[in-house]
Each structure stands twice: as C-alpha cells, then as structure tokens.
Amino acid sequence: MAAEIIKYYWPKLIDLHNYVPASSVINKISNWKTLNRKVLKKLKLCLSTEAIEKLSMADANTILQFLKSLKLVVDKFEHEKQLKLERNQNCALYVIDNDEVVQVTSIISIKSYELNGFVISFYFPLGTQFCNKEYLSKEVVGLINKLNHKINDMEHEISHMSSLISMKDKRIQDLQLQNQLTKDKTSEYVSNNL
C-alpha cells in the first residue's frame, strides 16, 4: 500500500511490479527493503532495519510514524510544486475563446490528473469567464499563431490570384471583341472588294 501511495505522487519513481503481494513476514521484509533501497532513499525517507521489521510485522506505532513521515514528504513535494508554478507564473497562459487566442494571467487553482503515467494539469483563472477551459502552452500558441499567419498569407494569395483571373477574363473579352471587330472589318472589306 505504501508503494501505491508513492506511485500516486511520483509515478516515474516506482515500478509496482517490483513488489509481490506478500502475507509472510519474510516476503514483506523483502518488499520493504526493495522499497527502501529503490525509492525511500531518493525521497530522503530511509528506514532502519528495525523499522522495516516492525512495519513488516504491522506494528501500529511504526506504521503511524512512517505514514506521518511520508505525509511530510508529500506535503513538501506539493508545496514545492506550487512554488514552482508560482515562479513560472511569469509565463503567460492562453485559452482559445470564440476562435481567438486569449492570454490569461491570474490563476486561482490547478487540477492535476494522472493518465498513463503523464500528469495533465488544468488551470483555472480568477475572475474570468474561462473557468471551464483548458489552457494552452506557449508552444501550442506559437503554432496557432504560425498557422494563422499562413492562413492570412494564403488568403492574400487567393485574393491576388482572383484579381489576376479577373484581369485575364477582361483581357480575353477585349481580345474576343477585337477579334470580332477584325472579322467584321475583314468580311466588310472582302464584300466591298468583290
């Protein structure tokens, strides 16, 4: 169960397949030693051999002490994550609203969900109508801006080509008119000279 709690907060730090379901004390000790060596050491939450044995024998006081220590580590992790977000708050957040990319600056809360080992975060701004929108990264906004620029260029080219086609059509009409006039003059000349 401790491995599952740690997996929730640090999904890349732990592989649950390393821990076999165990009912014997020897297998529980083995699982705790593996957890201590591979994971708890990295979280600076190392357990002594005595603590591992007591945890394996389900000593209530040792379990409570371990869970309190783990909670402190989790709380510190969550606090650091919040501080990191606040430090990165200088980076603008964006949302698409009515086909417009809108920058949002003040955040009220974050909701994070884990999906297949990836953490997906949703940011909810303070005092805007975008509370149910997902925010876009700078890279996505940059891509959207590039695509919008390409669309504008293409629309300009289409407009230019339309005007060229219009000029070509007018030139064709003029040439057809000249051709008709030339035919008329030729036929008039031929009829007058015969």
Side-chain angles (χ1 to χ4, degrees), residues 3-18 38-39 42-44 71 73-190:
E4 291 171 351
I5 292 170
I6 294 168
K7 175 81 173 170
Y8 178 81
Y9 290 100
W10 295 277
K12 294 179 181 177
L13 187 62
I14 190 168
D15 291 318
L16 292 178
H17 65 82
N18 288 330
K38 291 187 172 191
V39 180
K42 292 176 184 172
L43 296 176
K44 296 182 174 81
K71 182 176 181 344
V73 171
V74 167
D75 288 346
K76 180 181 176 191
F77 171 74
E78 289 293 316
H79 179 70
E80 287 171 356
K81 191 164 80 171
Q82 182 65 31
L83 287 176
K84 184 177 178 183
L85 175 73
E86 289 171 5
R87 270 186 263 130
N88 291 336
Q89 197 53 35
N90 295 333
C91 301
L93 296 175
Y94 300 86
V95 65
I96 295 180
D97 184 51
N98 296 326
D99 296 330
E100 295 285 326
V101 178
V102 180
Q103 181 179 349
V104 181
T105 55
S106 52
I107 301 295
I108 190 168
S109 66
I110 303 161
K111 297 282 184 189
S112 296
Y113 303 94
E114 183 196 340
L115 179 66
N116 296 331
F118 295 98
V119 177
I120 300 170
S121 297
F122 296 93
Y123 302 90
F124 300 94
L126 179 65
T128 67
Q129 71 273 28
F130 307 119
C131 291
N132 296 325
K133 306 264 185 196
E134 181 178 349
Y135 287 83
L136 308 172
S137 68
K138 281 183 175 180
E139 293 82 16
V140 172
V141 171
L143 181 60
I144 289 170
N145 289 336
K146 284 181 185 177
L147 291 173
N148 282 337
H149 185 68
K150 280 273 193 201
I151 289 169
N152 288 337
D153 288 348
M154 293 174 96
E155 286 174 345
H156 178 71
E157 284 187 33
I158 290 170
S159 174
H160 180 67
M161 291 181 134
S162 294
S163 68
L164 289 176
I165 290 171
S166 174
M167 286 175 25
K168 177 198 66 84
D169 288 343
K170 188 172 188 305
R171 179 71 177 144
I172 290 172
Q173 286 176 352
D174 289 345
L175 290 172
Q176 286 175 339
L177 182 60
Q178 285 178 6
N179 188 26
Q180 187 63 40
L181 288 173
T182 305
K183 280 183 183 178
D184 290 348
K185 284 184 180 181
T186 306
S187 71
E188 184 181 317
Y189 177 77
V190 169

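The nearest pair of heavy atoms linking K7 to P11 is NZ-O, 3.0 Å. Taking all atoms of both residues into account, the shortest heavy-atom contact from L43 to L13 is CD2-CD2, 3.7 Å. The shortest non-hydrogen separation linking L16 to E4 is CD2-N, 4.0 Å.
Between the NZ atom in K183 and the OG1 atom in T186 there is a gap of 9.5 Å [rounded to 0.5 Å]. Atom CD of residue Q180 and atom CD of residue Q176 lie 9.5 Å apart, to the nearest 0.5 angstrom. Atoms CG and CZ, on L164 and R171 in that order, are 14.5 Å from each other to the nearest 0.5 Å. Here CG of L175 is found 11.0 Å from NZ of K170. Values are rounded to the nearest 0.5 Å. Residue H156 holds its NE2 atom at 11.5 Å from CD1 of I158, rounded to the nearest 0.5 Å. The distance from the CG atom of N179 to the CG atom of D184 is 9.5 Å, given to the nearest 0.5 Å.
The main-chain N or O of E155 is never found under 3.5 Å from a side-chain atom of S159 such that the two would form a donor-acceptor pair.
Side-chain polar atoms of D169 and Q173 form no donor-acceptor pair below 3.5 angstrom.
The shortest distance between side-chain heavy atoms of D75 and E78 does not fall below 4.5 Å.
A tilted orientation is assigned to the rings of W10 and F77, their planes being inclined by 30° to 60°.
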